[in-house]
Number of protein chains: 2
Amino acid sequence: MNGAESLVKTFLANGVDTVFANPGTSEMHFVAALDAHPEMRCILCLFEGGASGAADAYFRMSGKVAGTLLHLAPGFGNAYANLHNARKAPSGIVNVVGDHATHHLRYESPLKGDVVGVSQAVSHWTRVSPDAESVARDGADAIRVARSGNGQIATLILPANTAWEAASHVAQSAAPHTLDRPSEAEIAAAAKALRSPGAALMIGGAALHGDLRQLAGRIAAKTGARLMGDTLVARQSRGAGVAMLDQLPYPVAPKIESLKGTQTLILVGTHRPVAFFAYPGKPSRPEPAGCRIDPLCAPEMDIAYTLQALADACGVDAHVQPKVYPLDLPDLPTGDLTLEKVGQAIAALLPENAIICNESITSGFTVMPPSLTARPHDVIGGTGGSIGLCLPAATGAAAACPDRKVLALTGDGSAMYTLQSLWTMAREQQDVTVVVFANRGYQILRDELANVGVNSYGQNARAMFDVHSPELDWVALAKGNGVPGQRVTQAEAFVDALRDGFATSGPSLIEVAC
Amino acid sequence: MNGAESLVKTFLANGVDTVFANPGTSEMHFVAALDAHPEMRCILCLFEGGASGAADAYFRMSGKVAGTLLHLAPGFGNAYANLHNARKAPSGIVNVVGDHATHHLRYESPLKGDVVGVSQAVSHWTRVSPDAESVARDGADAIRVARSGNGQIATLILPANTAWEAASHVAQSAAPHTLDRPSEAEIAAAAKALRSPGAALMIGGAALHGDLRQLAGRIAAKTGARLMGDTLVARQSRGAGVAMLDQLPYPVAPKIESLKGTQTLILVGTHRPVAFFAYPGKPSRPEPAGCRIDPLCAPEMDIAYTLQALADACGVDAHVQPKVYPLDLPDLPTGDLTLEKVGQAIAALLPENAIICNESITSGFTVMPPSLTARPHDVIGGTGGSIGLCLPAATGAAAACPDRKVLALTGDGSAMYTLQSLWTMAREQQDVTVVVFANRGYQILRDELANVGVNSYGQNARAMFDVHSPELDWVALAKGNGVPGQRVTQAEAFVDALRDGFATSGPSLIEVAC
């Protein structure tokens, strides 16, 4: 057994059985080791940003840590942007990065680079294995770290000789680090505050979906506090029967408006709200002056314990039911397609238990609201503000949940960042329907330029905001990646395409021109 | 004037008039400033790796520093891989990275990240502007750094408030730092060594192209030393009339073979040769035991001075002529297309003064040799071993040299990394002919797995090496980006497509299936 095989066996022995991979020439022993263990699932991504985004969504939907296989510093660089999103989720990922053999690093070879430096700029934990005998232990430690704190980025750098030299053992990962919990006094104080006028409970992480979401809704129902969520969240339950929640809008003015009257904000699993960016003369903190912020349970603390303890302290019993979204499916739209009609069609047709990967950004302001009362589903979306998450996330969600329908909603500018993931959907025959909103530009930049006071602009701004001359042809881009696609301009055609996408297995793409 | 405008004016005042851009929501004041100065050329790339690769090639072909405009830490991450290649070239680039306003950085906003950390992992110089008044001076310093040492990566991070607050001046960049030179004694010793048996002169950087390349050839002719180049070089003159040179092959065994008998290796503008990777039981240093290495002039030193001083010390006068490649154009090939025939067709048709951007990797072993005797041209290629350079580099070369034909030769695996640059070629109507070698996989990985002793492999290795099921359709991918393309299987069709590509302006793509 060599070091590489000791790592593959350690992964499998600890339940890490999926790797999103872009190996390069320095990871050949690792590839050979994976090849000897077909029980390890290897998914090829054609670009490392596809691998990191997939591993992120895989964790969000399954709670399981996946591996990525990256190639030296540049490979890690390519994965960086979606690791940034994963860090903000937070999601647990183990990155395995091949590096030069220890004795080769003294030379100025082409691929020599600062792997440790680029890793530390986004990982929670970075370690370089010193020798083959250490690889199994280091791999088990990386898994432990990735599973701790509700999900962390662990990066294990393997000099090539640690992969090819002899190793003697497989290692067991220790249990994740114990999650910090608020004290009983803090719980009691928060429970009391929730009953006060202008109180709001803002939840994040695991509190946003499944049973915990409903529990949060019951706390709100019992105390009269307002249940809220931040603008960008990793995953949430949504649709009929789900506990209602007010999500903070993205633009700063409505964000401030939304928090008006809030006197106490109790945070469980989320950071205090903040403006996405600073703007001249506008505040970074959106809450009103004098609003008390209670950071009861940080995102890396024990969210399930905190919510249950809070419910108990508030006297939430079996009779307390949350206020939930009703089932209210719109009629199927007809005529010229608009974003409103796209939203209606999605709301009407979305299958129960579907997963929406949402990076529709400006289009989403209009498209998303109708599905609040659709059949129950999950939504995963951007967390770190770095575009290019949607298509990789769809591949990761589909890998995690092969029995669920995935709907990917993406702007054209975002989709272009990581369109290689379309190929992975086709290779893996994933059940993903992709909707690309072809507004031919970075609409959010047009909006943001207006936000800084520029309302008319010239050739250089247009050159950087507009994605036409030529127009991207998403049907062709999909075809190039092996995914069937069509462009629609009529509501009936969109309805048919969406229905087909949900009805058939395998990926498809719909380019929405409106 | 605000800080952003003071930077744009400083760029223009110092001759930096081209920016490869992927701005985000934090760079709006910079966009507004660029918009007010249409004499600044802004080229949109749809992905930051396209911007950094273009800026690299722009410098290689023009000697001029271009700017990039990147969006916080994730945007820099996307640019990282091609900045790695640029650092190895070396090329001078000024990266402008927007960050949150200074007063906003204390909050956990989604896009908060370690911009300084990720920058320092690849830049020679990183600075955060503290206030708007400092931006012009910092920008001028960045330009100076980028122009020093024969080209360096300078990264200027601009918190948003430094862009929008008032600034009063424009700054002048100081001259680049003086280049170190070898001593007269070192020159004299090297000149003597060049006449000794088994002597070789290995050149890099500016010595590989133009007049300096010919001067190096004259030194070799005068002294009897062998003229050599390393495996990966940023740019070189090539074709008829160019001084002949032996370039080190990529695989380690022929690399070692190529250096057999070398007793002294004098380095001008290049590092000592090294195996691309370490392999079990094979040396990192390819030169024979006892070979003396003379690092006369490092890549960041004064290459032109050194070569001229060496020529003078060797007594190279006007009568000494280099051994040059003859003009020897092959016949146009016919019949089923092979890589040999692709190479012949390129050699026969390549226009004088064309620029080849070469990332053909394994296909290149066969495709490139025939054009050694083609009409004179330049070749730029991979320097840091990070794939995905070719298409961005083609856009940068075309921007630098609009009157020259550009031929981009790329493997399918490499092209997929940064295919967004096809769109930039179409948007800018660049005169680029792209040839994609569709071998349906990472051929170099198949070779490297064999190098580590694995000759038959199973499902997981195949899953990571083979890019079929589905096959990428490059004609569709080109169409999706607004570039006309065709797939050819016959030599006659390839000849026609290549001839058309060179004859017409604007981009086109040829998918080679062989």
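Lettering follows sequence order; numbering is per chain, from 1.
With a 4.5 Å cut-off on non-hydrogen atoms, B/L83 does not touch chain A at all. If you measure heavy-atom distances from A/L472 to chain B, the contacts under 4.5 Å come from both the backbone and the side chain. At a 4.5 Å heavy-atom cutoff, the contact between A/A463 and chain B is made by backbone and side-chain atoms alike. The contact between B/T383 and chain A is made entirely by backbone atoms, counting heavy-atom distances below 4.5 Å. Only the backbone of B/Y279 comes within less than 4.5 Å of a heavy atom of chain A; no side-chain atom from C-beta onward does. Proximity to chain A is limited to the side chain of B/R285, based on heavy atoms less than 4.5 angstrom apart. Neither the backbone nor the side chain of A/I43 comes within contact range of chain B; no heavy atom of the residue lies under 4.5 Å from a heavy atom of that chain. Residue B/A275 touches chain A through both its backbone and its side chain, counting heavy-atom pairs closer than 4.5 Å. Heavy atoms of B/K88 lying under 4.5 Å from chain A belong exclusively to its side chain. No part of B/Q429 comes within reach of chain A, as not one of its non-hydrogen atoms sits under 4.5 angstrom from that chain. Contact annotation for B/L419: only side-chain heavy atoms (C-beta onward) come within less than 4.5 Å of a heavy atom of chain A. Using a 4.5 Å cut-off between heavy atoms, B/W474 does not touch chain A at all. For B/A79, no part sits under 4.5 Å from any heavy atom of chain A, backbone or side chain.
Looking at every heavy atom in both residues, B/H104 comes nearest to A/F276 through NE2-O, 3.7 Å.
Within the 4.5 Å cutoff, side-chain heavy atoms of A/L111 are placed close to those of A/H100. Two residues are said to be in side-chain contact when any heavy atoms from C-beta on lie closer than 4.5 Å; B/I387 and B/M416 fail this criterion.
Relative ring orientation between A/H71 and B/F277 is described as tilted, the plane-to-plane angle lying within the 30° to 60° band. A perpendicular orientation is assigned to the rings of B/F47 and A/F47, their planes being inclined by more than 60° (bins at 30° and 60°).
Between chain A and the residues B/S109, B/G482, B/C45, B/G117, the most heavy-atom pairs under 4.5 angstrom are made by B/S109. Among the candidates B/L232, B/N481, B/V483, B/D230, the residue making the largest number of heavy-atom pairs closer than 4.5 Å to chain A is B/N481.
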Validation: residues 30-39 of chain B side-chain donor-acceptor distances under 3.5 Å, sequence neighbours left out:
from, atom 1, to, atom 2, distance (Å)
B/D35, OD1, A/G458, N, 3.2
B/D35, OD1, A/N460, N, 3.1
B/D35, OD1, A/A461, N, 2.8
B/D35, OD2, A/G458, N, 2.6
B/H37, ND1, B/E39, OE2, 3.2
B/H37, NE2, B/E5, OE2, 3.0

